[in-house]
Amino acid sequence: MYAFEYHRPTSVKEAASLAGGAEDAKFLAGGHTLLPTMKLRLAGPANLIDLGQIAELRGIERSGSAVTIGAMMKHAEVATSAEVKEAIPALAEMAELIGDPHVRNRGTIGGSIANNDPSADYPAACLALNATIVTNQRKVAADDFFQGIFTTALEEGEIITRVSFPIPSQAAYAKFRNPASRYALVGVFVAKHADGVRVAVTGAGSNGVFRVPEMEKALSGSFTPDALNGIAVPQDRMNSDIHADAAYRAHLVGVMARRAVQAAAARG
Amino acid sequence: MTATGIGAPVRRKEDQRFVTGQGRYVDDFNRPGQAYAYFLRSPHAHAIIRSIDTGPAMIMPGVIAVFTGDDLAADKIGGLICGWMIHSKDGSPMKAGPHPALAQGKVRYVGDHVAVVIAETLAQAKDAAEAIVVDYDVLPAVVDPAQATKASAQVHDVSPDNTVFNWHLGNKDEAEAAFARAKHITTIDLVNNRLVPNPIEPRAAVGEYDPGTDNYTLYTTSQNPHVARLVLSAFIGVAPEHKLRVIAPDVGGGFGSKIFIYAEETVCVWAAKKVKRPVKWTSDRTEAFLSDAHGRDHVTHAEMATDENGRIIGLRVHTVANLGAYLSTFSSSVPTYLYAPLLSGQYDIPAIYCEVDAVYTNTAPVDAYRGAGRPEATYVLERLVEKTARELGQDPAEFRRKNYITQFPHATPVIMTYDTGDYAASLDKALELADYKNFQQRKQESARRGKLRGIGFSSYIEACGIAPSQAVGSLGAGVGLWESAEVRVNPTGSVEVLTGSHSHGQGHETTFAQLVSDRLGIPIDQVSIVHGDTDKVQFGMGTYGSRSGAVGMSAIAKALDKVIAKGKKVAAHVLEASEGDIEFKDGRFGVAGTDRSMAFGEIALQAYIAHKFSGQDLEPGLKEGAFYDPTNFTFPAGVHICEVEIDPDTGVTKIERWTAVDDFGVIINPMIVEGQVHGGIAQGVGQALLEGAVYDQSGQLITASFNDYCMPRAIDLPSFQVGMTVTPCPSNPLGIKGCGEAGAIAAPPAVINAITDALGHEDIAMPATPQAVWRAAQKARMPMAAE
Ligand SMILES: Cc1cc2nc3c(=O)[nH]c(=O)nc-3n(C[C@H](O)[C@H](O)[C@H](O)COP(=O)(O)OP(=O)(O)OC[C@H]3O[C@@H](n4cnc5c(N)ncnc54)[C@H](O)[C@@H]3O)c2cc1C
């Protein structure tokens with residue numbers, strides 16, 4: 001790790017002004033991506049702004065048609081939240097599938113979304129649930145937020161404060177874990193909304209999380225696994241590495257989509 | 001059996017400190033004035049070093065010194081050695097290239113040691129390492145052992161075609177004759193995947209020099225501190241043997257990787273004198289992946305000949321073994337004498353011929369890893385036996401039974417003479433525990449759910465209790481493989497046992513104490529086991545090859561016999577009887593036929609006060625030592641049965657059942673033995689399903705972190721059914737065979753045999769990852785689709 005200045009603001013405003021005034025600053029949330037990168041000397045921010053003491057970034061609220069989660073909420077808190085489990089059980093289950101207990105008790109929803117790792121789980125949930133990412137400056141629809149691997153709509157110094165998830169009528173997440181890292185080799189989140197079904201895939205795409213319009217169309221017609229018969233995602237859009245090549249990933253997208261639909265339908 | 005004697009499931013004494021965080025590992029030792037070493041490692045797999053400019057690093061904050069290979073050479077520090085000489089078929093000695101602790105002119109793998117920075121803090125040492133300017137001339141690299149002899153890359157000047165040796169064992173003509181008259185021949189091509197050992201504690205070293213006494217101390221993560229001292233003094237020349245103290249304190253696992261003498265500890269001892277400060281180095285996990293000696297990495301073609309009665313009559317094996325960029329300490333013995341002599345397995349095979357071509361590549365050195373050679377042999381043989389049975393349409397269990405050795409001693413055509421065993425007994429018990437007779441029912445039930453179920457056997461044998469010194473000497477070993485022990489009885493009757501074995505997870509502090517408790521009739525809390533310090537224990541050969549029970553404890557048993565004999569002399573004086581009338585039983589020395597007796601502790605006190613000794617005929621004190629050299633290897637053997645269910649849609653293999661029936665001879669502590677079996681199976685399943693070190697064509701290690709290198713987790717394993725059979729080992733006084741490696745040896749073929757059974761074809765390699773199994777399952781479906 002290289003030397004850095006450490007800051008611990010207590011409000012979003014203070015954090016934003018620190019970021020605005022400091023050279024080469026990074027926000028620190030759970031630190032489960034940022035700190036390993038720093039330890040390996042792959043990142044060396046001059047200023048580290050710890051968001052951990054900011055009360056307004058915490059909390060989970062249900063308001064009629066949506067669940068809103070503070071950016072600093074840990075995966076374990078989302079997984080065990082009574083509000084989330086009742087309103088969007090698929091989201092709680094997704095959070096429960098992240099990493100291991102250590103990771104779930106440090107990693108945050110805001111950090112996960114800001115990082116937009118191509119194998120992370122939250123981006124698929126955001127996209128399928130048609131979430132709104134709220135920052136200290138604006139509101140961004142998930143469809144506009146995720147812009148390719150490790151790339152988002154966030155501007156320099158912009159802070160995610162909350163994520164708002166519309167409550168679907170049915171939803172489920174099916175994850176095929178990378179055996180080594182436990183991130184998603186392929187994860188498919190399906191959600192049935194009043195205006196149609198959304199299907200989002202993480203882990204598989206060479207350009208990060210993506211939606212599958214063909215599946216969405218078919219499932220909007222009939223929300224059953226069989227509706228997916230004959231629909232394949234193109235291999236040339238798939239990622240390929242030592243764990244899974246493009247053909248296998250494309251195949252798994254189909255399998256996981258079916259399993260997600262089955263689970264969502266079973267939930268009724 | 002007493003509550004703490006031989007055979008009792010005593011809880012591990014050492015666990016109290018381990019589970020409460022009180023263990024003292026090398027990194028926990030901080031010496032006054034300690035500085036930190038950081039190694040600049042090669043980013044290239046193969047390159048000429050044109051120049052190294054350490055100047056910019058020398059002026060960085062906190063830097064004490066920066067050294068390169070030239071500094072070691074100027075001090076006449078020798079290179080690292082390989083301690084086992086192998087001769088090629090043509091009689092020529094193996095081609096050992098130079099192995100400097102810091103590179104001289106060339107780097108040969110990613111992670112090779114280029115320079116070392118010594119600084120006040122580790123962060124400062126790392127900062128300075130970044131400032132060193134190295135001018136590399138990058139050369140083409142070779143990583144694939146099968147291509148090594150044809151590659152344009154030449155790893156060492158001594159070997160133009162990258163061959164270390166072309167070795168063989170067995171009788172070629174007899175094997176050829178057997179194949180000529182065979183009714184059936186089964187062939188197989190296998191890769192034994194390269195593994196990274198990954199003990200939970202990474203390697204570490206602290207070197208210290210005392211200018212007043214000219215004494216050196218090295219704290220190091222070693223499985224054999226005395227061997228480390230011998231090599232560092234006699235061969236590498238960092239310090240005279242009598243001036244170097246090597247301490248291997250609590251060590252968090254080794255699996256073989258901490259047997260070897262590496263560059264880092266060599267440099268720490270040497271640099272401590274140079275900079276007049278203690279020097280510490282602790283590996284991080286990335287360095288461990290890059291520079292710990294890896295395991296396995298064989299490419300093999302093998303053939304099995306059977307006659308018209310379904311009897312195995314011949315075996316031919318050709319293996320290419322990757323030894324990496326340098327010959328690590330015992331690397332040459334692993335694919336040779338620890339491998340081919342096991343190829344007879346549990347079977348009566350009259351003719352065996354094995355050829356091994358060992359090669360250099362631009363990868364980390366490869367050496368012994370849990371099982372060392374024996375898992376590789378077992379994988380070849382048990383895959384081939386299973387395939388043969390299938391091709392002959394025979395039940396794999398009954399095919400094995402028919403070919404088992406039943407008469408002992410049995411001399412195989414590949415050196416070994418098995419002393420004892422009852423292979424059919426283990427098979428019967430395993431079949432029963434595995435509920436083999438209802439397997440077809442379970443398979444049909446899986447099929448109804450769209451799943452593929454398979455069952456696989458592994459009828460393994462291993463040669464442990466390593467090893468008779470004369471035998472290994474005749475095979476090229478540079479050392480003898482006996483063990484030493486010293487039993488020191490204190491005046492209060494408590495006992496310290498100094499042993500040359502080293503415990504790094506095995507539980508010696510418990511099992512060795514159980515032996516003492518059993519023999520002397522004293523509670524185990526009266527016994528301390530002292531190991532891992534060359535200033536305390538006179539000499540020892542360390543722990544590997546499941547040798548600490550069979551060899552290490554036998555030495556203790558011998559020393560205890562001497563203590564009891566001396567105790568009888570003392571008792572004779574004190575009880576005023578003749579020595580021949582003294583009996584030792586249940587912890588008391590008594591005069592036969594009388595009620596006069598004294599407890600062991602009372603006799604110990606008498607030995608030290610010596611008030612009752614007259615004249616010079618009896619020395620005071622009670623302390624005895626012994627060296628024990630085994631008369632043979634030991635041959636643990638058993639049957640493991642693995643049952644898997646495959647999801648053909650995803651390729652996920654789930655292990656549904658695991659049955660292990662092992663014959664380890666006499667068991668000191670069944671709980672610890674079972675733990676060793678569990679851990680071994682976990683590692684074997686790791687190799688079969690999850691683990692694999694992958695280098696890309698340029699020699700970069702792709703799997704250099706746990707993000708990509710998949711270790712087994714509890715969730716990957718079922719609850720194990722563990723059974724035992726016992727045929728006591730006749731070649732050591734305790735009847736022990738050893739249990740440390742069995743699981744890792746038995747497991748891989750059991751898993752792959754189960755998967756191939758489920759798939760209905762043989763085309764799957766380790767690690768059988770979901771992707772590989774999915775693809776293989778597609779292939780299995782194809783003929784069905786074509787029908
Ligand atoms: C072993 C391991 C396994 C894992 N497994 C999984 C898995 O299975 N699935 C999965 O999805 N994830 C997984 N993760 C990732 C983890 O769960 C976190 O989601 C991830 O590390 C990012 O969250 P964090 O809170 O740790 O963010 P940090 O590491 O603190 O930050 C990550 C990035 O986001 C920025 N950032 C953080 N918060 C904000 C904010 N509020 N506004 C703007 N920018 C911000 C930071 O500046 C930084 O650039 C794993 C991580 C580890 C170490």
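Just so we're on the same page: letters track the sequence lines, and every chain starts at 1.
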Review point. So does A/E5 have more than 12 non-hydrogen atoms from other groups sitting under 6.0 Å from CD?
Key: no

Review point. Can you name the side chain to side chain contact (heavy atoms under 4.5 Å, CB included) partners of A/A92, sequence neighbours left out?
Key: A/V84, A/K85

Exercise for review: Side chain from CB out, backbone as N, CA, C, O: work out which of these in A/I242 comes under 4.5 Å of a heavy atom of chain B, or both, or neither.
Suggested key: both

Check your understanding: Residues in side-chain hydrogen bond (donor to acceptor under 3.5 Å, both in side chains) with A/T224, at least two apart?
Key -> A/S222

Review point. Does a sphere of radius 6.0 Å around CD1 in B/I200 hold more than 12 heavy atoms from other residues, nucleotides or ligands, not counting ones at 6.0 Å or beyond?
Key: no

Exercise for review: Could you pull out the closest heavy-atom pair between A/P179 and B/P770, with the gap in Å?
Suggested key: CG-CD, 4.3 Å

Check your understanding: Which residues satisfy the side chain to side chain contact (heavy atoms under 4.5 Å, CB included) test with A/P36, sequence neighbours excluded?
Key -> none

Review point. In terms of heavy-atom pairs under 4.5 Å, which option from A/A247, A/A3, A/A244, A/G254 contacts chain B the most?
Key: A/A244

Can you pull every donor-acceptor pair closer than 3.5 Å across chain A and chain B?
residue, atom, partner, partner atom, Å
A/Y2, OH, B/E130, OE1, 2.8
A/Y2, OH, B/E130, OE2, 2.6
A/R41, NH1, B/D127, OD1, 2.8
A/R41, NH1, B/E130, OE2, 3.0
A/R41, NH2, B/A123, O, 3.4
A/R41, NH2, B/D127, OD1, 2.8
A/P179, O, B/R713, NH1, 2.9
A/A180, O, B/R713, NH2, 2.9
A/H243, NE2, B/D708, OD1, 2.8
A/D245, N, B/Q771, OE1, 2.6
A/D245, OD1, B/R775, NH2, 3.1
A/D245, OD2, B/R775, NH1, 2.9
A/D245, OD2, B/R775, NH2, 3.1
A/Y248, OH, B/T650, O, 2.5
A/H251, NE2, B/D649, O, 2.6
A/H251, NE2, B/W774, NE1, 3.0
A/R259, NH1, B/D647, OD2, 3.3
A/R259, NH2, B/D647, OD2, 2.8

Review point. Quick one: what part of A/L185 sits under 4.5 Å from any heavy atom of chain B, side chain, backbone, both or neither?
Key: neither

